[in-house]
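As a basis for the values below, the full set of heavy atoms in this structure was taken, side chains included, without hydrogen atoms, waters or symmetry mates.
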Amino acid sequence: MTAYTPGSALVSNVEVTATTVQRGDIIQLGGHAFRVRDLFQLPQGAKQLVFESGELLTIHARTRLVAVRMLRRR
């Protein structure tokens, strides 16, 4: 699903893995939305996500999450 937001940004729901997660993705966990501020590569394809709120989440190489991604309009 994609939708337009004010300011000419395109919002899309995407499935992310440790390989495809990006800074700025918004991931909902336990009913709360967290924006990815930074990420670090870990051994065996895992990644540690640092959220803007300071929380950390480590995801395995096969973990699949749904995220909201803002895509700039060209």
>> If hydrophobic clusters are built from ILVMFWY residues whose side chains come within less than 4.5 Å, do V14 and F51 share one?
In response: yes

Indicate every side-chain donor-acceptor pair of residues 40-49 with a distance under 3.5 Å to a residue at least two apart or in another chain.
{"residue": "Q41", "atom": "NE2", "partner": "A46", "partner atom": "O", "Å": "3.2"}
{"residue": "K47", "atom": "NZ", "partner": "A18", "partner atom": "O", "Å": "2.8"}

Please tabulate, for the side chains in residues 26-39, all donor-acceptor contacts under 3.5 angstrom to protein atoms that are two or more places apart in sequence or on a different chain.
{"residue": "D38", "atom": "OD1", "partner": "R23", "partner atom": "NE", "Å": "3.2"}
{"residue": "D38", "atom": "OD1", "partner": "R23", "partner atom": "NH2", "Å": "2.8"}

>> According to a hydrophobic-cluster definition based on side-chain heavy atoms being under 4.5 Å apart (Ile, Leu, Val, Met, Phe, Trp, Tyr only), do V21 and L57 belong together?
In response: yes

> Is any side-chain heavy atom of I59 less than 4.5 Å from a side-chain heavy atom of L65?
Replying inline: yes

> What residue pairs, at least two apart or across chains, pass side chain to side chain donor-acceptor pair (under 3.5 Å) with a residue in residues 56-69?
Replying inline: E15-R64, D25-R69

> With distance as the sole test, does T17 use its side chain to make a donor-acceptor pair with the main-chain N or O of T19 at under 3.5 Å?
Replying inline: yes

